[in-house]
Every structure is written in structure tokens, then in C-alpha cells.
Amino acid sequence: MGARVVFHIDFDYFFAQCEELRNPDLKSKPVCVCVYSDRGGDSGAIATANYIARKFGVKSGIPISFAKKRLEDRKDAVFLPVDFDYYLEISENAMSVIKESADIFEYVGKDEAYLDVSNRVEGDFNKASHLAQQIKNAVRDKVKLSCSIGVSTNKLIAKIASDFKKPDGLTVVSPEKIEEFLGQLKIRAIPGIGKKTEDRFTQMNFEIIDDLKKLDVFTLNKEFGRKHGTYIFNAARGIDTEPVKERDPSVQYSKITTLKKDSKDFDFLAENINQLCVELHEVVKKNNRMFKSIGIQFIQSDLTNKTKSRMLKNPTANLEELQKNANQLLKEALEDQKNTIRRLGVKVSELSELRGQSDITSYF
Ligand code: DCP
Ligand code: CA
Ligand code: CA
């Protein structure tokens, strides 16, 4: 196998940047995009925030009430509810621009993708650097979106590199620079190393990736289990053989049924939803997939359409989780429901392959 050239592209502060895009006045203000929970008021979490808000300590996952407190002194701070359908539209536009420059295009999620460009740049990192800059320019010109790109010889290092300089970054790690680049980074920079693993290393007085090289694979396996231990051993050395696999964003699975009677009764609909989930789960399982987005669909008695969807924190292949979320969506959708419902559907999207844990992408 010749030298590979792999890009990881990640859109900057994605949901918040989409909001800035349709309302440029927001660009000078702290912007927080919120997932409000059904408990009302400010209960719920921050999906993401622009870089102005981040300066005040606002980040993904913190409660909305914390974010408001941190931005107390910024009277111009803006809090907006998530609008997944709009972000998806922007994402699709940007992805179709990016795709043109790939030999192999692997969609990972709404705001990120891997590209294998080995052939078109003939393994040349100078050419790769130019191509990456061209992609950034094209995405900015055509979609008005800024992104960060990491360029290296495999998915692992490309992913770490795209995160290295943000926003609007371009980090090229050519083969001879890999060791130096990785060595100085915090251990946490390795995808899949969370707080728990990091804390264990801190106890051992390990801070940067170079420190990890003091441990042999047996010690790591003993400490973290064979899969995770081996993964850490390889990652510290920049080793990752996982190929970029063609994957399109548009793929989704859905099941839809015509109800025995038109209804807007929760219990009756929930029973149908749960059955649809079982059937849908079969399909997902058969195709060896995980999903990250769950949606429900009503075709109402007047034949108008209504949809509602949500994004999970992590991809899953679990039936109970599918049912739980679909039921929650159903409850929310019925809150202001006037029409009765004639046909009912469930869909999952943001699909990824269910693979062995030794694969780095299964940690994302
Ligand atoms: N997201 C979310 N909840 C989280 C994390 C992320 O809803 N806990 C959503 C909002 C983000 C999008 O996913 O805009 C992409 O997540 P990233 O981790 O890539 O973060 P951002 O794109 O927001 O910021 P950046 O990539 O600039 O760090
Ligand atoms: Ca991003
Ligand atoms: Ca991302």
C-alpha cells in the first residue's frame, strides 16, 4: 500500500455558525444554541456556542442556566433553540461541495467527514495542502461556512489535526512530522480518551502523548483492557490502518404504518410507535448499523405532514433507547396537536457502521 493522504473536515461551531449565517448581526454577539427540555423555563443543555460565548466558559453540554449565569454581563448574549432541519440543509450543501474533491468520501455526521485524496494528490503533501485550502475556499464562497481541516496519512491523525487549530484552521501533518506533532499534545487529544482515562494517566504523572510511549502494550492492556489498551498504544505512535469508507449522508431507514383508526391518543399511538421501532430495529441490526438521530412522522387526517426529530449524544443500536426517544418525541409532538393522525412513521439517520471496538471511529 502506497502512502495515504487523508483529510478530516470539521465545521466550526456548527449550529451557532448556521444561526449566524441567516442572521449576520449575531456575529458580534455571544450566541448559544439550546436544547430546551420539556420541563420548561431554562431547563435543558447547550448544544453549542460561538467562539465569543466560549470565551465566557460556555460549551456544549452545560446547562442553559449555567450559560446564562456565565454571560450575565453580556446583555447582548443570544439564546436560540435548535433547528436541526435548517442545519441539515446547510450541511448537505457544504457536503456536496466537499465531496467533489474526494477519491473516497466518508460522511461521519452533520458537521464532519473524512476524505481519501491519495490518488488525486499523488501522495504529495504539498498538493494535499493546496487542495485542502481550495476546499476551505469553496465552502466559504458557496455556503459561507468556515471549517477546519486536518491532513495526514490516516484518519486518526487527520482527526487530531483538524482539532489542533480552530476555528478556520488547516493543519498538515506530513509523514516526517507525525512523531513531533503527536508527541507534544495532551493525552486527551487522542479521540476516545475521556476524562476517566486521562485521570488515570495524570495519577501516573503522564501528561503528553510522548509520556505514553514509556508504557509497553502489555502494561496498557492490563490497565485498560486489551482493546482500549492496544488502541492507546497504537494511537500514541500515530498508527491507524482504518480505511476511509464510502458513506453517503442521505441514507436513512424508516418504517411507516397506516393506523387502524385516525387518532391523537397517546397510548394508542405509542403502542404503534413501539411496534414500528421493533421492525425498524430489525433493519438496523441486519445492516450492522448504529444511528444517532431519531425522528417520528405524522401524516395527518388532512394529509399534511408533521415531523419531529432529535439527536442523541452518542450513536446507538439499542432498541430500548430507540423506543424511549420515539415515545418522548411522540409526547412532545402531541402537545399542540389539533388534527388526528392517519399514518405514523419512525426513522433513524446519521448512520454509522457497528464495528469492533479496536476501531477508533467507534469511540466518537
Ligand atoms: N452538539 C450537540 N451536543 C453536544 C455536542 C455537539 O448538540 N454535546 C452538536 C452542536 C454542534 C455539532 O453537534 O454544533 C458539532 O459538534 P462539534 O463537537 O464539532 O462542535 P462545534 O462544531 O459546535 O464546535 P467546534 O467544532 O468549532 O469545536
Ligand atoms: Ca465542529
Ligand atoms: Ca464535529
Side-chain angles (χ1 to χ4, degrees), residues 7-22 26-27 30-37 43-64 66-67 78-95 98 106-115 135-136 139-140 143-150 155-156 158-171 186 188-195 247 249 291-295 309-316 325 349-350 352 360-364:
F7 290 3
H8 180 256
I9 304 184
D10 188 285
F11 305 157
D12 302 321
Y13 62 107
F14 183 52
F15 293 3
Q17 199 186 165
C18 291
E19 296 294 347
E20 288 182 359
L21 223 152
R22 64 175 159 189
L26 295 176
K27 282 189 179 170
V31 178
C32 305
V33 178
C34 309
V35 184
Y36 290 98
S37 81
S43 74
I46 299 294
T48 195
N50 69 357
Y51 279 76
I52 302 179
R54 288 184 197 191
K55 281 199 205 119
F56 294 83
V58 177
K59 54 181 184 182
S60 298
I62 69 168
I64 297 165
F66 286 16
V78 177
F79 294 82
L80 300 165
V82 282
D83 182 351
F84 291 121
D85 294 338
Y86 167 62
Y87 309 145
L88 184 61
E89 193 186 311
I90 306 275
S91 169
E92 280 170 356
N93 292 340
M95 291 297 175
I98 291 169
E106 180 175 331
Y107 174 86
V108 180
K110 270 199 191 78
D111 92 320
E112 59 190 272
Y114 289 104
L115 280 66
I135 294 176
K136 281 167 67 78
V139 173
R140 185 174 290 289
V143 197
K144 309 276 176 280
L145 207 64
S146 86
C147 62
S148 298
I149 305 188
K155 286 161 84 169
L156 171 76
K159 167 105 182 157
I160 296 173
S162 74
D163 203 43
F164 182 70
K165 188 174 170 291
K166 253 186 169 296
D168 204 17
L170 170 55
T171 304
K186 292 252 156 53
R188 189 72 189 266
I190 298 173
I193 294 208
K195 178 110 188 34
R247 189 197 299 159
F291 48 87
K292 200 165 173 242
S293 175
I294 298 175
S309 67
R310 66 161 49 170
M311 190 69 69
L312 305 177
K313 271 220 178 72
N314 300 301
T316 182
N325 281 285
S349 56
E350 300 276 337
S352 52
I360 62 156
T361 51
S362 61
Y363 289 106
F364 297 161

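Whatever order the structure lists ligands and atoms in, that order sets their numbers, starting from 1. Note that the structure is predicted; figures quoted are calculated from it, not measured. Keep in mind that the numbers below use all heavy atoms, side chains included, and drop hydrogens, waters and symmetry copies.
For the pair R22 and Y86, the cation-pi criterion (under 6.0 Å, within 45° of the ring axis) is fulfilled.
Formation of a donor-acceptor pair under 3.5 Å by the N50 side chain with backbone atoms of A16 is not found in this model. For the pair R140 (side chain) and S146 (backbone), a donor-acceptor distance under 3.5 Å is absent.
Protein residues with a heavy atom under 4.0 Å from ligand 1 are D10, F11, D12, Y13, F14, F15, A47, T48, Y51, R54, S60, D111, K166.
Among the backbone and side-chain atoms of D12, none of the N, O or S atoms lies under 3.0 Å from the Ca ion (ligand 2). With 3.0 Å as the limit, F11 counts as an N, O or S neighbour of the Ca ion (ligand 2).
S148 and D12 share a donor-acceptor pair across their side chains, judged by distance under 3.5 Å alone. Side-chain contact check for S293 and S309: no donor-acceptor pair (N or O, by modelled atom type) lies under 3.5 Å.
Nearest to the Ca ion (ligand 3), among the N, O or S atoms that D111 has, is OD1. The atom name of the N/O/S atom in E112 closest to the Ca ion (ligand 3) is OE2. Among the heteroatoms counted here (N, O or S) of D10, OD1 is the one nearest to the Ca ion (ligand 2).
Shortest non-hydrogen contact noted between E19 and L26 is O-CD1, 3.5 Å.
Screening R247, K159, K292 against E112 for a salt bridge (charged side-chain N to carboxylate O under 4.0 Å, His left out) leaves a single residue, K159.
Electrostatic pairing of D168 and K136 counts as a salt bridge here, judged by a charged N lying under 4.0 Å from a carboxylate O.
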